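Only one structure is covered here, and it is reproduced in the block below.
None of these values were measured; they are calculated from a predicted model. Reminder, nothing fancy here: chain letters follow the sequence lines and each chain counts from 1.
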Number of protein chains: 2
Amino acid sequence: MAVTIRDVAKASGVHISTVSRTFSAPHLVNPETRTRVLATAEQLGYRPNRAARALITGRTHNIGLIVADIANPFFPPMIKAAETHARRRDYHVFVADTDEDPVVEADLVRALAKQVDGILLCSPRMSDDQIELARREVPLVVVNRLIDGLPAVVMDVGTGARSAVRHLVDLGHRHLVYLSGPRGSWTNREIRKAAGAAARAGGAELTVLGPHQPISSAGADAAEAVLATGATAVLAYNDLMAIGLLQALQDRGVAVPERISVVGFDDIAAGALVRPTLTTVANPTAAAGRAAVDMLLQQGDDGATGQVTLRTDLVIRNSTGPGPYAPAGATATQVAAYAKE
Amino acid sequence: MAVTIRDVAKASGVHISTVSRTFSAPHLVNPETRTRVLATAEQLGYRPNRAARALITGRTHNIGLIVADIANPFFPPMIKAAETHARRRDYHVFVADTDEDPVVEADLVRALAKQVDGILLCSPRMSDDQIELARREVPLVVVNRLIDGLPAVVMDVGTGARSAVRHLVDLGHRHLVYLSGPRGSWTNREIRKAAGAAARAGGAELTVLGPHQPISSAGADAAEAVLATGATAVLAYNDLMAIGLLQALQDRGVAVPERISVVGFDDIAAGALVRPTLTTVANPTAAAGRAAVDMLLQQGDDGATGQVTLRTDLVIRNSTGPGPYAPAGATATQVAAYAKE
DNA sequence: CTCCATTCGGCAAACGTTTGCAACAGATTA
DNA sequence: TAATCTGTTGCAAACGTTTGCCGAATGGAG
């Protein structure tokens with residue numbers, strides 16, 4: 001049915017091995033022969049059978065991309081970037097969703113292992129031990145988590161959290177809240193630590209609330225607790241929670257940012273759609289996806305297992321404003337501009 | 001390196017064909033032998049090599065899922081549902097993104113064709129002709145577009161548009177605007193037609209604006225034009241545009257829904273996060289993903305090429321309210337409740 | 001003219017499965 | 001008792017590639 005290497009060989013009067021080489025080692029075949037073969041191949045509509053190629057070379061030219069939840073707006077930009085980047089290198093991407101379940105995650109890795117040249121494990125929910133185990137079955141790159149000896153790409157959320165806190169302190173806030181994310185999250189721990197340190201350095205108090213599910217309703221549910229602390233500014237684990245909180249506060253008639261400032265994390269698209277628009281720490285998710293693909297593909301060449309840290313950036317919008325200890329006439333953007341000098 | 005069927009055969013004292021049958025045709029092997037083989041396979045950690053299997057059977061147990069833009073919030077729920085559904089049937093899913101480019105789309109189909117058992121083409125941007133052509137290379141299911149003779153799953157957006165318009169008319173609006181989506185979109189045409197008919201039936205005027213890119217900034221940019229029409233209610237091609245419009249109107253001090261009512265389409269998550277929350281027509285994207293997978297997998301058995309139409313539902317929230325011709329004291333939910341009887 | 005190096009292309013084995021065919025044993029039927 | 005059937009297993013070919021090895025042809029050097 002389908003046209004095979006044999007058809008091309010016959011049609012162009014050469015042996016199948018020559019056709020094979022035309023595609024996989026062009027420099028080994030005479031330019032004339034090559035163009036002839038290429039022409040007939042094109043004309044016949046020949047495409048190498050990847051399964052056969054995989055069988056003999058052991059390389060599938062596929063990679064797996066495992067995320068906790070495709071529908072979580074944090075991931076799609078990363079998936080998109082990774083897929084595009086991989087395709088440009090002639091790799092195809094299996095995308096799979098674990099529904100935040102570590103057991104599903106482990107199964108998935110096992111199921112995919114033999115079928116791909118490597119797996120991108122994004123914000124994994126498995127334990128470090130399980131991941132180390134999985135790594136023995138298939139090349140792995142971990143995104144959003146740091147594990148000793150494992151190639152990883154992470155966002156520098158610590159720095160992001162610090163600038164967020166500094167921004168709030170500069171605006172005159174002295175009592176902050178950190179709205180924690182899910183328990184197992186590496187990112188959550190990093191943010192909490194950095195925010196705590198930055199608050200201390202700025203002479204401010206930081207109250208930690210949580211843990212919470214990383215969804216908007218959790219942010220909304222936390223509104224009462226936030227108000228009860230008497231804090232004037234909040235840093236949330238992610239934008240979804242921040243937005244939920246934002247709306248819950250407004251529904252209660254609490255003015256944002258006049259009464260309370262809110263900072264999110266991730267810079268998902270919805271942040272610019274809500275009012276007030278959300279001040280947040282932008283994560284370079286697309287860049288992370290690309291970097292992870294690169295690391296995975298290079299891993300074959302040498303065993304080098306680097307760890308890449310990507311810069312995060314504070315994006316100042318309208319959900320943050322002057323606090324009780326603000327310098328006279330301060331606004332969020334003025335303060336930010338000042339801080340940059 | 002990896003454990004093959006041969007290792008299992010040797011370890012359990014049978015021929016490889018028996019091992020093969022244990023997995024692919026269990027009823028052909030003696031239950032005793034079967035359990036023995038299964039046990040050693042388990043112990044050795046054997047997993048059949050999919051490439052080898054694909055090579056001989058011609059079935060890869062992979063499917064392709066091609067969407068215009070992974071990052072468009074309309075798609076992730078569909079991708080997620082399709083992937084989960086497919087996995088349950090032991091299929092893996094390649095996800096690919098065309099960046100709204102018909103040329104990329106065509107390339108992608110060709111690249112994937114030989115590597116999958118079928119492709120889900122979601123909201124394709126190619127011409128009907130190209131799609132018919134592609135269908136000759138690989139089994140196809142089209143989502144969100146109706147093409148004669150091609151298996152498809154579509155949302156009943158016509159009915160959705162009608163109920164949206166009826167809802168607005170019932171609320172006392174007599175001059176509506178339809179904010180068109182992109183030119184090539186089948187969905188867009190359907191909505192426009194149905195909305196026009198419903199408006200006429202309700203004795204209301206419908207002004208069509210557009211075409212527009214299906215993104216929030218396009219909605220925002222259309223605010224002036226919308227106001228210029230003097231209409232009191234707007235139906236948008238999708239939620240993204242509706243939200244953009246919503247915010248642009250508010251930024252201009254135009255009250256929603258008091259002065260203008262806004263209805264979106266799709267029911268993406270962000271719709272419930274903005275204020276006022278968005279009245280919209282919910283598309284069953286997850287169900288569509290599952291249905292499409294089912295159709296694709298059944299296609300092999302018989303040649304039947306059905307077309308599935310999924311129900312859409314009007315979700316009434318807070319962006320719609322009484323218009324100038326409203327019955328006294330009407331509110332959106334009251335009117336809706338009344339309409340249901 | 002001979003020899004050697006280089007370039008090119010053919011040959012055939014190998015990758016890990018599935019599957020039609022045949023062999024065999026035991027059970028059933030005539 | 002012979003013939004037939006049924007259930008279970010082994011044998012070997014096939015799927016479409018890649019790749020190590022070898023021989024043929026070519027060209028330059030001596």
Give the rounded distance in Å between these two atoms: NZ of B/Lys10 and P of C/dG16.
-> 12 Å
Return the value, rounded to whole Å, for the distance between atom CG of B/Leu55 and atom C1' of D/dT18.
-> 13 Å
Pick the nucleotide of DNA chain D nearest each of B/Leu28 and A/Ser24; which residue has the one closer to the 5' end?
-> B/Leu28
Do any side-chain nitrogens or oxygens of B/Ser17 fall under 4.0 Å of OP1 or OP2 in C/dT18?
-> no
Between D/dT17, C/dC21, C/dT18, which nucleotide has the shortest distance from any of its atoms to the side chain of B/Arg21?
-> C/dC21
What integer distance in Å separates B/Arg59:CZ from C/dG16:P?
-> 23 Å
Provide, to the nearest angstrom, the distance between the CZ atom belonging to A/Arg36 and the P atom belonging to C/dC8.
-> 14 Å
NA contact type, B/Tyr46, heavy-atom cut-off 4.0 Å: base, sugar-phosphate, or nothing?
-> sugar-phosphate
Using only heavy-atom distances, determine whether the side chains of B/Glu100 and B/Asn72 contain a donor-acceptor pair under 3.5 Å.
-> no
Ignoring hydrogens and angles, does a donor from either the side chain of A/Arg47 or the base of D/dG16 sit under 3.5 Å from an acceptor on the other?
-> no
Below 4.0 angstrom from OP1 or OP2 of D/dC11, is there any side-chain N or O of B/His15?
-> yes
Heavy-atom side-chain contact between B/Thr187 and B/Ser123 under 4.5 Å | no
So which of B/Arg47, B/His61, B/His92 actually passes side-chain hydrogen bond (donor to acceptor under 3.5 Å, both in side chains) with A/Gln115?
-> B/His92
Interatomic distance where CD belongs to B/Gln115 and P belongs to D/dG16 [whole Å] | 16 Å
For the pair made of CG in A/Leu44 and P in D/dG16, what is the distance, rounded to whole Å?
-> 14 Å
The answer to which of A/Pro31 and B/Thr18 contacts DNA chain C further toward the 5' end, by nearest nucleotide, is A/Pro31
A/Ile56 CD1 - D/dC15 C1' separation (whole Å) | 12 Å
B/Asn30 vs B/Thr57, nearer the 5' end of DNA chain D by closest nucleotide | B/Asn30
Atom CD of B/Gln213: over 12 foreign heavy atoms under 6.0 Å | no
For the residue pair B/Tyr91 and B/Arg59, what are the closest heavy atoms and their distance?
-> OH-NH1, 3.4 Å
Under 4.0 Å between a side-chain N/O of B/Ser20 and OP1 or OP2 of C/dT17, yes or no?
-> no
For the pair made of CG in A/Asn49 and P in D/dT18, what is the distance, rounded to whole Å?
-> 10 Å
Would you indicate which nucleotide in C/dT17, D/dG16, D/dT18 comes nearest to any side-chain atom of B/Ile5?
-> C/dT17
Regarding the side chain of B/Arg53, the nearest nucleotide among D/dG10, C/dT18, D/dT18 is C/dT18
